[in-house]
Amino acid sequence: MEKDSKIISIQNVSFSYESTDPDNQQLIPVLHGVSLDIHRGEFVAVLGHNGSGKSTLAKHLNCILLPTEGTVFVDGIDTKDGEFIYDIRQTVGMVFQNPDNQIVATIVEEDVAFAPENLGIEPAEIRQRVDDALNSVGMYKYRESAPHQLSGGQKQRVAIAGIIAMRPACIVLDEPTAMLDPKGRREVMSTIRRLNRENGITVVLITHYMDEAAQCDRVVVTDSGKIILDGTPKEVFSNVELLKDVGLDVPQVTELTYELKKAGIELPDGIISVEECADKLEELLRAALSEK
Amino acid sequence: MLSDITIGQYFPGRSIIHRLDPRMKIVLTLAFIVMLFLAKSLAALAVGVVFIVAAYVLSRVPLKMILKSLKPVIPIVIFTAILNMFFIEGDPFIIIWKLTISREGVYTAALMVVRIIFLIGGSSLLTYTTSPIMLTDGIERLMSPLKAIKLPVHELAMMMTIALRFIPTLIEETDKIMSAQKARGADMEHGNILQRAKALVPILIPLFVSAFRRADELALAMECRCYRGGSGRTRMKQLKLAPADFIAAAIVAVFIAGVVLVNIFVTPLVVL
C-alpha cells in the first residue's frame, strides 16, 4: 500500500439515519457532502455546536458509521470494505467523552492491555506496549490501581493509553474533556499535545472549547452537517461574525480585539493568544503615549 | 456511605497462599470440600480441620475476617444441627417430653456442624486470598475445555469482569441519585417496608436507564478497541504453575490420604 501524506480522506460524504419514530419513518440527514483531508502528523480540531454533525463525522473515521453517500478512505482503505474493519480501527483509535464508560478491566494495566489482547499480540509484546502507553500518558505509576480510585483526568488518560497501546497512526477524540474539571482538562490536553509532537500521532480533536481549538494546527468548523471554515486557528478565528452566527464563541482575546477594532482601534486580525494580544496592546499604548 | 461496600471479600496480601496460581487454588478448594465429605468421623474431620487452620495461619488473614464470613451461616448451622438431633433414630440420649434425642443424632449433628463451618471457612480462604480478577481468570481457564460443548466461557468471564468493574461506578451513581431525589423531597428513611420499597422506585429507574446507556457506550468503546469475542485473543498475563503450586497439591493429597486412612483405621473404633 502506498503511503501518501493523507491518513484520512473524506470524499463528499453524506449521512442520514432512520427516524426511530414508527409513525414517521423518514431519513434524517446529518451530514451533507462533507469533504476533508487529514494529513499525517496534523493536530486538527473539529469545532461545532451540538447537533452540527461533528460527532457523526468522527464516527465515520473508524467504521462505526458508514457513509450513506460518498467515501471515507483511511490509510488508503475504503471504510465500506468490511474486510479491513479491524485494520482501520487499529489505525484510527477513538476516545470518547466519558472515561468511565470506556474502561473495561478492574486494573489500569489490564485495561490498557485490552486492545492488544484483542489483536492477538504475543504476551511479552503486550507488556511492552502497555508500559510504553502508560508512560506516554504519564500514568505508569498507577498501573496497578483500580480505575475507580482515579480522578476524571487520570481515567481519561488511561482511556487514551488503552488506544495508544494499539499503536494507531491517528487518534480521534470525541469531546474528551467535556466531563472533566479544569485540572483534568489541562492534563488531558497536554497529554494529547505531547502525543502529537513527540510520538507523531495524528490527532483529530472534536471539541466545543475554543481555547482547546486555538492550540491546534488546524481548525475545522462544522454547522448543520457542512464544513463552513477550515484553516489555521488564526484564519478561522478572524471570522468572528460567521462563528457567532453559527452559535460558537471565539476565544476571549479574539473577542476583545474584535470589539476594539469595531471601536476604531487598529489591530491585526486573528489574535488568538493572550500573550500576543497583550503585546499588540502594549505597542499601541506606547505609540499613543509617545505621540503625546 | 454506600462506597464502604467492598467488592467480594478479597484481603490483599503477599503470603504464599496469595501467590498460588488461582486455577490451583480453585481445584484445591474443591479437593478440600471433597475431603470434608469423605471424612466419616470427627477424628477424620479433625485431619481436614488441621489442614485448613494451617492454611489460614499461612495466609495471614485476620481471625476477625474469618469469623465475619461465618456469621451469615449460623442460622443454617443451628437448623441443620436441630434437624439431625431430632430425626436420627438410635439410642435415646436425652428425652424432653415426647421428643427423643439419640446418641447417633448428637454425633451426626456435631459432624454436620463442623463440616458446614469448615466448608464455608475453606471456600472463604479462596476468596480472601484471590482477587476477583484473578478468580475470574482462573475460572475462565479452568472452564475453557467446556468451549468444546459450545459453552460461552470467554463471554461469561467477560461479563464477570465488566460486572466487577462497574460495581463501584454504579454504587457511586446510586449515591448521587439518592442525594438528588432527597433534594427533591424523597423520603427513604421512614414508613413501613412497603413504603420504603416504593421509595426505591425513583432511584432504581434512573439507575437502570443510566446503566443501559453506559452499556451502549462501553460496547462501542470495546468495538473501537477491536474486541470480537474470545477467538484469537491473547492475554498479557499468562498463568504459569510454579513449584509451589505442585507442593500445595501434594500437601492436599497427603491430607486426603490421611482422611481416608483415619476413616479405615480409626473411625470403626470411635463410631458408637
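Below, all heavy atoms of this structure are taken into account, side chains as well, without hydrogens, waters or symmetry copies.
Taken to the nearest 0.5 Å, the CD atom of B/Glu217 stands 10.0 Å off from the CG atom of A/Asp100.
Most heavy-atom pairs under 4.5 Å with chain B, from the set A/Ile64, A/Ile85, A/Asn101, A/Thr106: that is A/Asn101. The candidate with the highest count of non-hydrogen atom pairs below 4.5 Å against chain A, out of B/Arg214, B/Arg225, B/Gln238, B/Lys237, is B/Arg225.
Interface residue B/Thr169: only side-chain heavy atoms are found under 4.5 Å from chain A. Looking at B/Glu223, both its backbone and its side chain come within 4.5 Å of chain A, counting heavy atoms on both sides. If you measure heavy-atom distances from A/Val130 to chain B, the contacts under 4.5 Å come from the side chain alone.
Between B/Leu220 and A/Lys59, the shortest heavy-atom contact is CD2-CE, 4.0 Å. The two residues B/Cys226 and A/Gln90 have their closest heavy-atom pair at SG-N, 4.2 Å. Between B/Cys224 and A/Asn62, the closest heavy-atom pair is SG-ND2, 3.5 Å.
More than 12 non-hydrogen atoms from other residues, nucleotides or ligands lie less than 6.0 angstrom from CZ of A/Arg194. Heavy atoms of other residues, nucleotides or ligands lying less than 6.0 angstrom from OH of A/Tyr142 number 12 at most. The number of heavy-atom neighbours closer than 6.0 Å to CG of B/Leu67, taken from other residues, nucleotides and ligands shown, is above 12. More than 12 non-hydrogen atoms from other residues, nucleotides or ligands lie less than 6.0 angstrom from CG of B/Leu239.
Side-chain contact between A/His148 and B/Ile167 is absent, with no heavy atoms from C-beta onward closer than 4.5 Å.
Looking at residues two or more places apart in sequence or on another chain, you find a ring-ring contact (aromatic ring centres under 6.0 Å, His included) between A/His60 and A/Phe15. B/Asp21 is linked by a side-chain hydrogen bond (donor to acceptor under 3.5 Å, both in side chains) to B/Arg23, counting only residues two or more places apart in sequence or in another chain.
Of all residues spanning residues 107-128 of chain A, those with a heavy atom less than 4.5 Å away from chain B's heavy atoms are A/Ile107, A/Glu109, A/Glu110, A/Asp111, A/Val112, A/Ala113, A/Phe114, A/Ala115, A/Pro116, A/Glu117, A/Asn118, A/Leu119, A/Gly120, A/Ile121, A/Pro123, A/Ile126, A/Arg127, arranged by number. Heavy-atom proximity under 4.5 angstrom to chain B picks out A/Gly162, A/Ile163, A/Met166 from residues 158-185 of chain A.
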